[in-house]
Every structure is written in C-alpha cells, then in structure tokens.
Amino acid sequence: MFNQRTKIKTLLDGEANNQEVTVMGWVRTFRNNQFIALNDGSTNTNLQVVAELGSFDDEFLKRVTTSAALKVRGILVPSLGKGQKMELKATAIEILGDSDPEKYPLQPKKHSLEFLREIAHLRFRTNTFGSVFRVRHALAYAIHKFYNERGFLYIHTPIITGSDAEGAGEMFRVSTLPFDNPPRNEDGSINYKEDFFGRNTNLTVSGQLEGELAATAFGEIYTFGPTFRAENSNTSRHLAEFWMIEPEMAFYDIEDNMNLAESFIKYLIAYVMEHNREDLEFLAQRQADEEKQLPQDKRSDMGLIEKLEFVLKNDFERITYTEAIDILLQSPAYKKKKFQYDVSWGIDMQSEHERYLVEKHFKKPVIVRNYPKHIKAFYMRQNDDGKTVAAMDILAPGIGEIVGGSQREERMDKLVERMKEMHIPTDELWWYLDTRRFGTVPHSGFGLGFERMVQFVTGMGNIRDVIPFPRTPKTAEF
RNA sequence: UCCUCAGUAGCUCAGUUGGUUAGAGCAUCUGACUGUUAAUCAGAGGGUCACUGGUUCAAGUCCAGUCUGAGGAGCCA
C-alpha cells in the first residue's frame with residue numbers, strides 16, 4: 001500500500017507529539033536550504049519540513065524546487081522557529097515528481113487573477129484558488145445536505161434536450177451530422193431526421209420543465225447540474241457552462257417559495273461559516289487587500305465575513321415590483337437624473353436600478369416579486385390583477401440576480417392561452433402540459449446560480465475565478 | 001454584440017515631444033551565508049516591444065486593421 005500519509009490539516013489541528021508521520025505534498029518554497037514549506041491542498045497553511053544541514057546530499061536538495069512533489073517521513077516536533085507551532089524534522093525525503101524551476105510559472109509572490117486564468121491547470125496550487133475550491137466543494141455538499149434533510153429528491157434532468165422552447169437563451173446544438181454537407185430536405189432546410197436522435201437537439205438551458213414533472217409525483221425535488229447558454233456574454237458574472245440548482249415543489253405558493261429560497265441561501269452561508277472558517281478568513285484578507293487599490297467609494301462597506309454574518313442575521317427585504325419602481329421614482333438618484341435608463345412601471349429593471357435597490361437603498365439582499373407578465377416567462381402564474389405574474393427574483397449585493405423563480409401556472413386554460421400569446425409551441429410541450437391535465441396542483445420553484453453563490457460567499461469579483469475551467473466566448477482551454 | 005481601456009523579459013510594470021545598444025523589482029541560474037517565514041547578500045543570463053500592413057531618414061512610441069485580455073452595458077443564473 002502506497003498511501004499511508006497523514007493530511008497536513010490533520011497534523012496542524014493536533015499537537016506536536018514527537019511521533020513519526022509521513023506526509024505527501026507539493027513544495028511551496030524552500031528557504032535557507034533547510035526549510036521546506038509543504039502544501040497538500042488540505043489547508044492553506046503549509047507544513048514546515050526541516051531538512052537539517054548536513055543530513056541530506058546537496059545535489060539531492062537542489063531537486064527540492066517549487067512545486068516538486070515530495071514524500072516526507074519525519075518526527076513531528078514543536079517548532080524551534082517562530083512562525084509555526086510545529087514542524088516536521090525529516091528523516092527521509094523522497095522526490096515523487098521533479099518540477100523544473102526554469103519552466104514552472106508560479107512564484108512565491110502575488111500573481112494577477114488574469115494571469116492565473118491562463119494557467120488554470122496550475123492555479124489550484126495557489127492559496128486563493130485553494131480556498132475558493134474548498135469553499136465551492138463545501139457549498140456543493142451543503143446543497144445536498146439541505147435538501148436531503150428536508151425530504152427533497154435529487155433528480156437528474158437531461159443534459160441533451162429535444163425541446164428548444166425553454167426560452168432561457170441561445171442554445172448549443174448537439175448533432176452528429178457533417179456540418180460541411182448535412183442532409184437536406186427538398187426545401188433546402190437541414191433534415192434532422194437523419195441526425196443521431198432523429199430530431200434537432202440542444203444542450204439544456206434549464207432542467208425546470210423536467211423538474212416540474214418529477215415534482216408532481218414526488219412533491220419536492222431539486223436538480224443540481226450543468227447548464228449551457230450560447231449567449232455572447234462577456235461579463236464577470238456570465239459563463240457559457242455553469243451549474244444551477246433548481247428546486248421544484250408541489251403544494252408551494254410564491255410565499256412558500258420565497259421562504260425556501262431565503263432559508264436555503266442562509267443555510268449555505270452558515271455551513272461554510274462553520275466548516276471553512278480559515279478559508280473565509282484568507283479570502284476576506286485577499287478581498288481587503290485588493291480593495292486597498294480602489295478609491296474609497298468603490299470599496300465594500302463591510303468585510304467579507306461581516307457581510308456574510310449580516311446576511312445570516314437579517315431578513316431579506318421583500319417588496320413587490322410595483323414598490324420597487326416607486327422607490328426608484330422617489331430616489332435622489334432618479335431625481336438627479338443619475339440613471340442612464342428611464343424608470344416607469346413596466347420596464348425590465350436595468351442593472352443600475354437593481355444595484356441601487358440592493359446596494360444603496362436597502363443594503364441587503366432583496367426579493368422582488370410580482371413582475372409585469374410581459375417581461376417574464378410563459379410558465380409563471382398569472383396574478384388576479386391581469387398585469388403581473390407570481391415571479392420572484394433575489395438580488396444580492398455585488399452580484400445582482402442570484403435567484404430567479406416563480407409560482408408556476410397550474411391552470412391549463414391560462415397556461416395554454418399564455419403560450420399562444422408568446423408563440424410557444426404547445427404541441428412540442430405536450431408532456432409538460434400533461435401535468436396540468438392529470439392532477440394539476442399549485443407548485444413553485446426557482447433556480448440558484450451556483451457560481452454566483454460561490455462568488456457571493458468567497459468575494460471573488462469574476463465568475464471565471466470560481467469555476468475550475470471556465471467556458472466563455474472564445475475560451476474553452478483545458 | 002456594443003462602449004471604454006490595455007497588450008514591452010517567466011511575472012508585475014517604467015519607457016519623455018518619434019532619435020544611439022529597450023530598463024527596474026521579483027523569479028531563474030552561479031557563488032556566499034545558514035533557524036528561515038514571499039530568507040538575505042553579490043554576480044550572471046533572459047526581449048519577434050501581441051500580430052499584419054502603412055507613414056517616416058528613423059517606430060516600443062504615430063496611423064489602419066486583426067487577435068487577446070480587463071471593466072461596463074445588453075442577455076441572464
């Protein structure tokens with residue numbers, strides 16, 4: 001058996017007990033020809049390995065370079081030096097993998113996030129990305145834990161979909177047809193009957209419609225999977241491939257839906273606060289350092305940890321769309337004509353408007369509900385006023401929309417009427433409409449953008465830095 | 001896709017009104033030192049100035065186009 005190592009985090013959480021242990025990891029720095037800072041990814045804190053002078057051959061020690069992989073056996077002793085409570089006095093060092101220092105791109109210094117994005121295969125070996133991805137993992141785990149504790153079923157909705165009626169953006173086509181000479185119909189259009197699935201297929205933009213099918217049997221379900229949008233979006237909060245959590249619940253109205261979403265977000269934050277304290281503290285420091293370079297008015301009011309605590313302790317603000325528009329119309333920003341886009345009832349609120357509500361007016365997460373129906377999707381439940389639908393968006397400071405959801409239209413006649421108005425083909429979605437034909441029931445659901453949640457918790461400004469290998473327009477390296 | 005800004009050594013950046021052989025810090029290499037904490041000290045090597053074309057006696061510097069990146073907008077999670 002090869003792996004008899006102890007993880008560095010386990011050692012550092014314990015005491016220096018003068019016992020012999022074996023650790024394996026990668027060299028962060030080698031100081032003074034004697035002190036090896038070893039990291040194995042279990043924590044950002046390095047273990048100081050001491051190679052006593054004279055105990056190891058000089059030629060051998062030259063191979064202890066940044067990012068070389070080592071297996072070290074030694075005695076865990078209280079540290080003689082200052083910066084750490086314990087250190088490993090090495091009795092045997094084995095180099096598992098050399099690392100050519102002339103070619104290895106990472107140095108023990110600050111690198112720009114842009115540069116690290118170009119070497120995404122190695123950025124895992126930095127403190128920042130170590131913390132980000134440990135937090136990302138913890139959030140993913142907490143998501144399953146949250147729903148499991150509440151009796152929700154985890155449903156795997158398809159990644160390849162035959163429906164292009166989901167209406168959530170441009171789709172990536174899935175095909176095995178030769179693109180230089182595809183089979184054609186007599187009218188010149190492409191003959192998808194010849195394609196792999198015998199029809200036009202795409203990558204999913206949402207698992208919601210399939211989620212509703214499962215919810216109307218199991219009651220409460222959620223999906224957690226990849227989602228694909230072929231939008232040419234170049235922003236710090238959009239990806240072409242991202243992960244989304246979509247719970248869907250029978251017997252929930254919009255109020256129940258908002259309650260679930262709020263307690264969900266708080267649960268995730270609380271989980272990470274409890275289990276990833278060290279990583280959050282590192283990320284908080286990183287964000288604070290970064291913001292030192294910004295002018296005073298661009299900096300966050302609160303530190304990262306303060307912000308998370310604040311979100312945990314306070315209720316989200318809940319307002320209707322109509323109230324949101326009124327607040328904007330009454331705002332000093334509007335009166336001083338600070339907004340680039342005009343405000344009136346019926347507009348689809350712009351980023352600047354949402355930002356104002358969340359960051360200036362309320363200074364905390366805001367749930368806006370009851371949007372005008374003409375700016376929302378066909379499946380949202382129509383309110384009695386004839387103008388609005390039971391939609392709800394959660395807007396988070398610094399991120400914008402983090403959750404989008406609604407109570408679904410369960411009334412067959414209303415749903416079909418709306419689909420026709422919006423030119424959604426009812427025949428293609430026969431299976432979706434069947435849920436309204438057979439035992440229809442009030443139900444609700446929402447989508448939470450996983451990467452946006454990771455951004456919010458880690459304080460990372462660019463969504464490309466919270467997913468291992470980001471897919472964006474013109475970029476699919478690694 | 002639109003607007004703005006940027007691209008000079010492995011990294012971060014300086015480079016004046018166009019004018020000799022394009023610089024610094026860090027990293028790397030060599031040597032010294034040896035309880036260091038992004039070790040320190042001395043020395044050395046390292047450049048298709050994003051790419052293509054143009055203006056000019058002369059272009060890192062000016063002009064045009066292209067590519068790439070960042071910030072903002074739209075689309076949204």
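Below, chains carry the letters A, B, ... as their sequence lines are ordered, and counting in each starts from 1. In what follows, every heavy atom counts, from backbone to side chain, and hydrogens, waters and symmetry copies are set aside. A quick note: this is a predicted structure, and the numbers were derived from the prediction, not measured.
- Residues A:Glu212 and A:Tyr432 bring a donor and an acceptor atom of their side chains to less than 3.5 Å of each other.
- The base of B:G10 lies close enough to the side chain of A:Gln107 for a donor and an acceptor atom to sit less than 3.5 Å apart.
- Rounded to whole angstrom, the span from the NZ atom of A:Lys474 across to the P atom of B:C67 amounts to 8 Å.
- Distances from the side chain of A:Glu102 to the nucleotides B:U1, B:U28, B:C26 place B:U28 closest.
- Pairing for B:G74 is absent, with no Watson-Crick or G-U wobble pair whose two atom distances lie under 3.5 Å.
- Under a 3.5 Å cut-off, the side chain of A:Glu246 and the backbone N or O of A:Gly207 do form a donor-acceptor pair.
- Between A:Ile143 atom CD1 and B:A77 atom P the separation is 16 Å, expressed in whole Å.
- Across every strand in view, B:G23 sits in a pair with B:C13 that passes the Watson-Crick or G-U test at under 3.5 angstrom.
- A:Met86 places its CE atom 23 Å from the P atom of B:G35, with the value rounded to the nearest Å.
- Annotation: A:Tyr321 is in aromatic contact with A:Tyr371 [ring centroid separation under 6.0 Å].
- Rounded to whole Å, the distance from CD1 on A:Ile467 to P on B:A77 is 16 Å.
- The partner of B:C62 is B:G54, judged by Watson-Crick or G-U wobble contacts that both fall below 3.5 Å.
- Nucleotide B:A6 forms a Watson-Crick or G-U wobble pair with B:U68, both donor-acceptor distances falling under 3.5 Å.
- At a cut-off of 3.5 angstrom, counting only N and O atoms as typed in the model, there is a donor on one side and an acceptor on the other between the side-chain of A:Gln84 and the base of B:U37.
- Rounded to an integer number of Å, the gap from A:Arg229 CZ to B:C75 C1' is 10 Å.
- For A:Thr29, taking side-chain heavy atoms from C-beta onward, the closest of the listed nucleotides B:A38, B:U34, B:C75 is B:A38.
- For a distance-only test at 3.5 Å, the side chain of A:Ser233 qualifies as a donor-acceptor partner of the base of B:C75.
- Comparing the same atom, C1', in B:A6 and in B:C13 gives a spacing of 13 Å after rounding to whole Å.
- Heavy-atom neighbours of A:Lys89 NZ from other residues, nucleotides or ligands within 6.0 Å: at or below the threshold of 12.
- Atom CD of A:Glu354 is separated from atom P of B:A73 by 11 Å (rounded to the nearest Å).
- In this model, a side-chain donor or acceptor of A:Glu87 finds a partner on the base of B:G35 within 3.5 Å.
- Classification of the A:Phe146-A:Phe264 ring pair by plane angle, with boundaries at 30° and 60°, yields tilted.
- For A:Arg123 and B:G10, the CZ to P distance is 22 Å, given to the nearest whole Å.
- In this model, a side-chain donor or acceptor of A:Asn234 finds a partner on the base of B:U1 within 3.5 Å.
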